[in-house]
Amino acid sequence: MFKLEQIQAKEKLLAPGAKVVDLGSSPGSWSQLAAAVVGPAGRVWAVDLLPMEAIPGVEFVLGDFTSAETRTRLAESIGTEKVDLVMSDMAPNISGNRVVDQARTMGLLDEALELAREVLRPGGHFLMKAFQGEGIEQLRSTLRAEFGTVKLLKPKASRAESREIYLLARNYGM
């Protein structure tokens, strides 16, 4: 939660009344913070392969967000609304092979971007965890073509030696 708190303090992504999708949400700290900020006028949808304890103000979808079945259940829950923010702090299971792990991560990020394209409103935002390495510059280029601005963030809560970074793409379709 500390990473999202630090990003929120600087970037103000979450606001009262906002509609948010949290991919890879378990155990739920990001969803909990989002629900607290968006309040009763907002909505939070959380999606994960792993179960998550119920959080007031959060609608949880258990499943793999890359599967058609889970995407359909999420789409039915969201309805015709479009969301303000898609956020993801997920990472694939790590094998220990940096090349394989980076490829898996990039595949997950591509899937997350595809979902963001489906659910974001024009002007919406996309925040995702990534790891520095192969494919990041191409992803940043893709994001720049679809969003108004793209930032690379490294919250203080992320260890300095870690390759973990966050990409923040703002203003979808603008």
Side-chain angles (χ1 to χ4, degrees), residues 1-25 29-31 33-34 37-38 42-48 64-68 70-71 74-75 78 80-92 94 98-174:
M1 180 180 336
F2 296 121
K3 294 170 191 171
L4 182 58
E5 285 176 333
Q6 290 170 357
I7 292 169
Q8 172 66 11
K10 185 175 181 180
E11 302 294 335
K12 307 291 188 239
L13 291 174
L14 299 163
K19 295 170 182 68
V20 179
V21 172
D22 181 7
L23 298 176
S25 58
S29 60
W30 279 35
S31 293
L33 177 62
V37 175
V38 305
R43 291 184 73 186
V44 177
W45 295 271
V47 183
D48 203 299
D64 179 349
F65 87 95
T66 67
S67 78
T70 303
R71 291 273 261 272
L74 178 62
I78 293 172
T80 59
E81 300 179 67
K82 291 292 186 175
V83 304
D84 302 294
L85 173 65
V86 173
M87 58 184 188
S88 167
D89 190 38
M90 68 184 158
I94 301 300
R98 186 175 271 191
V99 173
V100 170
D101 293 340
Q102 186 68 11
R104 286 181 182 164
T105 298
M106 296 310 298
L108 219 73
L109 294 176
D110 288 342
E111 290 278 354
L113 176 57
E114 186 58 39
L115 184 135
R117 289 175 179 133
E118 293 170 13
V119 302
L120 276 177
R121 67 167 172 77
H125 313 304
F126 183 33
L127 173 67
M128 65 184 130
K129 176 166 60 180
F131 295 93
Q132 294 174 347
E134 184 80 24
I136 288 297
E137 285 310 312
Q138 177 60 42
L139 177 59
R140 287 176 77 185
S141 178
T142 298
L143 292 171
R144 283 188 200 108
E146 298 181 42
F147 290 83
T149 61
V150 177
K151 284 185 178 180
L152 193 144
L153 306 171
K154 180 88 169 170
K156 288 182 181 179
S158 182
R159 294 185 323 267
E161 68 275 6
S162 171
R163 295 182 317 118
E164 176 184 77
I165 56 173
Y166 288 84
L167 294 171
L168 172 58
R170 285 183 170 268
N171 300 315
Y172 178 61
M174 305 199 153

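As the structure is a prediction and not an experimental result, all values here were calculated from the model. Side-chain atoms are counted along with the backbone in the values below, which use heavy atoms only and exclude waters and symmetry mates.
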Do any N or O atoms from the side chain of [X] and from the backbone of [Y] form a donor-acceptor pair under 3.5 angstrom?
X	Y	value
Glu146	Tyr172	no
Thr70	Thr66	no
Lys129	Ser88	no
His125	Asn171	yes
Gln132	Ile165	no
Lys82	Glu118	yes

If I take atom [atom1] from residue [X] and atom [atom2] from residue [Y], how far apart are they, to the nearest 0.5 angstrom?
X	Y	atom1	atom2	result
Met87	Ser31	CE	OG	5.5 Å
Arg71	Asp64	CZ	CG	9.5 Å
Leu127	Lys3	CG	NZ	11.5 Å
Arg144	Glu137	CZ	CD	6.5 Å

Pairwise side-chain contact, [X] with [Y], heavy-atom cut-off 4.5 Å (strictly under):
X	Y	value
Leu115	Val47	no
Leu168	Val150	no
Leu139	Met128	yes
Val38	Val20	yes
Val37	Leu13	no
Asp110	Thr142	no
Glu11	Leu153	yes
Val119	Trp45	no

Nearest heavy-atom pair of [X] and [Y]: which atoms, and what distance?
X	Y	result
Met106	Ile136	SD-CD1, 3.9 Å
Arg170	Phe147	O-CB, 3.3 Å
Leu85	Phe126	CD1-N, 4.2 Å
Met90	Phe65	CE-CE2, 3.1 Å
Tyr166	Pro155	CD1-CD, 3.7 Å
Asp48	Ser25	OD2-N, 3.0 Å

- request: Using the salt bridge (charged side-chain N to carboxylate O under 4.0 Å, His left out) rule, collect all pairs that involve residues 13-23, keeping only residues at least two apart or in two chains.
  value: Lys19-Glu81

message: side chain to side chain contact (heavy atoms under 4.5 Å, CB included) for Leu108 and Leu23? Distances and angles first, verdict last.
response: CA-CA 10 Å; Leu108 219 73; Leu23 298 176; over 6 Å; no

